[in-house]
Number of protein chains: 2
Amino acid sequence: MQTTSVHGPQYEHLWSRILGGSFLYCNILAFKAMHCGIRKFTVAKVWKTINVCPLLSQATLSLLREIKGPTGICSIKGKRNQNLRGKLQKAGRNMSPKITTELLRQLRQVMKTSKYVTEPIQAYIVPSGDAHQSENIAPCDCRRAFISGFDGSAGTAIITEQKAAMWTDGRYFLQAAQQMDSNWTLMKMGLKDTPTQEDWLVSVLPEGSKVGVDPFIIPADQWKRMSKALKSAGHVLVPVKENLIDAIWVDRPQRPCKPLMTLDLSYTGIGWKEKIAALRAKMVERKVLWFVVTALDEVAWLLNLRGSDVEYNPVFFAYAVIGTDTIRLFISGDRMADPSTREHLLLDSALEAEFKIQVVPYESVLTELQAICVGLSPKEKVWLSDKASYALTEAVPKAHRYLTPYTPICIAKAVKNTVEAEGMRRAHIKDAVALCELFNWLEKEVMKGSVTEISAADKAEEFRSQQNGFVDLSFATISSTGPNGAIIHYKPVPETNRALSGNEIYLLDSGAQYKDGTTDVTRTMHFGTPSAYEKECFTYVLKGHIAVSAAIFPNGTKGHLLDSFARSALWDCGLDYLHGTGHGVGCFLNVHEGPCGISYKTFADEPLEAGMIISDEPGYYEDESFGIRIENVVLVVPAKTKYNFCNRGSLTFEPLTLVPIQTKMISVPLLTQKECDWVNDYHRKCREVIGAELKSQGRHEALQWLIRETEPITKMH
Amino acid sequence: MQTTSVHGPQYEHLWSRILGGSFLYCNILAFKAMHCGIRKFTVAKVWKTINVCPLLSQATLSLLREIKGPTGICSIKGKRNQNLRGKLQKAGRNMSPKITTELLRQLRQVMKTSKYVTEPIQAYIVPSGDAHQSENIAPCDCRRAFISGFDGSAGTAIITEQKAAMWTDGRYFLQAAQQMDSNWTLMKMGLKDTPTQEDWLVSVLPEGSKVGVDPFIIPADQWKRMSKALKSAGHVLVPVKENLIDAIWVDRPQRPCKPLMTLDLSYTGIGWKEKIAALRAKMVERKVLWFVVTALDEVAWLLNLRGSDVEYNPVFFAYAVIGTDTIRLFISGDRMADPSTREHLLLDSALEAEFKIQVVPYESVLTELQAICVGLSPKEKVWLSDKASYALTEAVPKAHRYLTPYTPICIAKAVKNTVEAEGMRRAHIKDAVALCELFNWLEKEVMKGSVTEISAADKAEEFRSQQNGFVDLSFATISSTGPNGAIIHYKPVPETNRALSGNEIYLLDSGAQYKDGTTDVTRTMHFGTPSAYEKECFTYVLKGHIAVSAAIFPNGTKGHLLDSFARSALWDCGLDYLHGTGHGVGCFLNVHEGPCGISYKTFADEPLEAGMIISDEPGYYEDESFGIRIENVVLVVPAKTKYNFCNRGSLTFEPLTLVPIQTKMISVPLLTQKECDWVNDYHRKCREVIGAELKSQGRHEALQWLIRETEPITKMH
């Protein structure tokens, strides 16, 4: 049974081609989610599904059969399959646009079909995103990719009777142009002459038009803006109940409905009853009667459940509506049949009425919420995130709405309790073990010329999957060498895959989901001799990393106030990086979570609190040359200061990530003595904590590597 | 002719008492503005006005007659008047609340009088502020102070049929409680149990109430919030055309209408026609047909005119409405009679039609704007600040409104051209001369025990007024010693006045309006031997000051990203300060101006640009002990860096303020070598530039002081 041979980022692009290039996350993991309904899988099983997949052309099917070979075991590794790999890579390179003429004809048909719309609509908006405003979405929600062919992570399609236009940002101009056919006009956001969606609509619509959108997919604030603009030009934005893409998407994948995983107190620290009681206390404080949980990670956190409906994010499709003495969980029914889930949620136990969970079908959330609102007395309020869908927001009459940018669940979830923090610590120790193994392996293999970005990423996953409690990666691995490192959101695919060498900087940004916690770490290294300029840049980035990590700041400080600390050393020399410095990290949940972070762009972040966990990841990117990033996940902890802010108290960070920072890349004279001490203290801790774990796992070679890599550095005087 | 004897901050409180304690700015300057209509005045003239002032009680009148003395020249200085000073100070201390029973009865009467309101209103809101959202307001606009007695700078009064309530923040809890009688309930903002104005109104109003407010005084965004909250509770917010406070304020001062000052190109660098052409270019870019200038400093800047209608701010009451080929200036008429103003504005010249200024009465702005809007075609827009009054905003139908947080004038005004920057430089040189004189004088006088906070502030003004082009102070001088220094917005009054001594830290935050530019400088000093702790704190503040002043950052950086640089050294030891680090400074305009600044609170600031001028003023305040602040005004200038941000370019600051920083207060070992160098470089420049000016002004003693105070410091190794 081979479980890894078609597994890993290097096959993502291949699968994407095979499946028609029309899905947002058509790599093998998404494929599993979509077609196999299983997490552990065999190639034979996957193959079986591929054989019946209606999306595959005859050509790709026969190509696949060739790969599969007579044994029924798929393998394209090794010398034997060089030829096949070539064919596949060639197939991958011939990226041709999706032909959408027929699909658009069908869509325009349903736009005037009374089965779907009460009156014909003259335009239909297809946003990215799902009904929960998730960052990663399931294949069934990749409607914009389906209708247009463009499967970048951000983009909005608008189809009128005559035209079809796609708005996306600079990251995707090239990709969108390649993936879309001539039916589509690409609207390059951020360029001066590009009209906004509203302005464009107003310029092309006939007088008094109706513009439709799925009210579940569009967030309430976006609806408001669009509706206002259309109204002032004499048009009207209308909610179209049934999604019109779904209406024409014959072989649309099913919404994933994977089994749930229950987390006991040894992982969560707090039971779900306690969490609901705390939420209700917040509701009483704000005088609201109902709370609607719409974000998937909030439902998962609240109920101490995890799922695998969305790639990389251990969440499941559900809503929850919490009353002062009722709990409604909207979830596709059969998942509640599992005995351990039933036991976890006490579904069959006699318990206080206010903790009795009513399980309701996922699809009925709107009608149930409407029914709740019918019964409200004048001053009774319903609490929703202001990012919730228009459909759910609109279900609550204006006078009863209580909207906040961050929900109390989002804020509570961000502050990890001691059990969660311990879990995160354990996860990071295991993750460091995997990376020590990887880096030790790379040092030996790279000089042989046999390691590529893809195989390195693969190897990282292999080492991680050997660790206890490993569940999945936490995001698509960024494995990049040389010029590829300068592409901040790079993901290696066969066409761009480079061999690691002794002449280029290598950047690896990767992470995993363990049952104890979520990791996210970036290390940048050189396997030969870095240039003075590369070392100089690396050292500035390191100084920035240390400036944030060692910062002391009063309680109540918002993360965005620390962003410039990470840039100061770079700025002094006229260098900068165009991304934020840190994001919140979930505990066995989304690797990106609110409400805190460190960014020059984020203004609405909540103050940092002890127990919050964020990343610290400054970088520097030299176009067409190299990329540098040094990322640790850090825990916000109380600090000791001489004067303690008049007892207001203060905070600092404790690194959870304990992976050596390559000292070969450091230009030591550029460091202050304090910074030198920080590096040596950090490496001492890596050696102690990870060394002990490597020893107990019997990984002696990696241990030797760790000891070598954590030798103290010395500043000459 | 004595023009200074009742002039200066030390008499402010006295005048305030004399005039009934009911004005926001009842110091002598406001008094001049209100009653004398003149800027240069004699005591005899002032006295004449006082004698007929209906607000004075017989007791204060006879006290004043005593001060005046037989000569008709007012003088309370010197030994001879010690007794009188005592009496006046005693009168000042007996701060008694204003009795408002009769006023409230009258107000409630007009709230149901059909002459003023179409239907009776059940509540009336009296905000602070004027129709231009000015920070400083004229006496005639101090309506909230008139009705309540509370004259702090921030507060909103709401009067219902039964109740009267005042919302103000922590700075003013004590003062408001002292100044208001028992008719009033004090609503302490920021405390947990204090209801918002909306919630309070909803809790006290009978069903279906009407709440009135002057639509000229309430900004559009505040109207919107209040109106929404009232509506959702079944009430309605109504605009009341005539201000109801004015209706009962029998002896309300006239709106100031002082002569204007014209500024030629040698001060402004750009003529008003060019400024209007540039504004019109922005209007074309944004596709708007009309621009409404509502902020007083924007009108003044646009037309290269200055006034003295509001204390400390060289502005005048006016609006302007700029069309694509028309200019309307709304201003009280007689000011346009002045020949130099007529010439400056080319009122009698033959010139291009689009630069012909139509002078229209100040009061007709609303009706003119309404008339303009009647003639608008569907897509034609009118541009307003989103902080403009509800009255003007509402005059523009929603579909025609174009609102932005910062107007193009605000942004253009912030970026000083070379002529303006040179003017600011000159102003700061003169200001530094005055302060060198002052500090030299203080060093000699303080140890004699004869200098108080008030007399020091007075002396500062005296030295400044000797400088060429001096017009006024730019804000009320903060002269504070010992514990008074810890009160951030302290203003010395007789009851709090302390003598300067060799045992306490002295903080002086002061500035002036010169015809060339506006200054604002804070220095903190010790005339004896500072304690180790005081030096430690001073040094952290200095490190923060330097960190901002020497910061290098890429073009496009917003000021708020630099705020933490100013705090880092303090934070490391558990110290902080609870105010922003810098504000924009006008050029012979408001000492506080948008749209840039350095603050942890400001999020909507515009990016810093070369030519902008801001203050750099970190501090530290030890309650009941001392205050430290080091403030320079700095100019944003291009920086040279090693790698120059890929030609994006970079910025840093150049200090315009050139006043020595007391090295006695520095704990040199706490400075890095770089910081030492900064101090020595700064002092070298002070010695060069200010030294030359002191020499040319023949101020030899001050020059000797400067040379002494700018001796280099040395870090021991």
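Protein chains get the first letters and strands the later ones, always in sequence-line order, with residue 1 at the start of each.
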Can you say whether B/Arg567 sits under 4.5 Å from chain A via the side chain, the backbone, both, or neither, judging by heavy atoms? neither
Checking B/Leu578 against chain A: side chain, backbone, both or neither under 4.5 Å from a heavy atom? side chain
Please classify the contact between A/Asn644 and chain B as side chain, backbone, both or neither, with a heavy-atom cut-off of under 4.5 Å. backbone
Test side-chain contact (heavy atoms from CB on, under 4.5 Å) applied to B/Lys231 and A/Lys398, step by step: CA-CA 11 Å; B/Lys231 198 176 156 194; A/Lys398 246 187 175 176; over 6 Å; no
Just by distance, with hydrogens left out, do B/Tyr643 and A/Glu536 show a side-chain donor and acceptor under 3.5 Å apart? yes
Check each atom of B/Tyr533 against the heavy atoms of chain A and say whether the ones under 4.5 Å are side chain, backbone, both or neither. side chain
Between A/Asp576 and B/Arg648, what is the shortest heavy-atom contact and its length? OD2-NH1, 3.2 Å
Would you give the length of the straight line joining atom OG of B/Ser564 to atom NZ of A/Lys558, rounded to the nearest 0.5 angstrom? 13.0 Å
Does any non-hydrogen side-chain atom of B/Ser650 lie less than 4.5 Å from one of A/Trp571? no
Interface residue of largest heavy-atom contact number with chain B, from A/Cys646, A/Pro554, A/Ala639, under 4.5 Å: A/Pro554
Which bit of B/Thr557 is near chain A, if near means a heavy-atom gap under 4.5 Å: side chain, backbone, both or neither? side chain
Closest-packed option against chain B by number of heavy-atom pairs under 4.5 Å, given A/Asp572, A/Asp563, A/Leu562, A/Thr672: A/Asp572
Looking at B/Glu207, I'd like to know if its CD atom is crowded, meaning that more than 12 non-hydrogen atoms belonging to other residues, nucleotides or ligands lie closer than 6.0 Å. no
Most contact-rich option vs chain A, by heavy-atom pairs under 4.5 angstrom, among B/Cys573, B/Ser232, B/Gly649, is B/Cys573
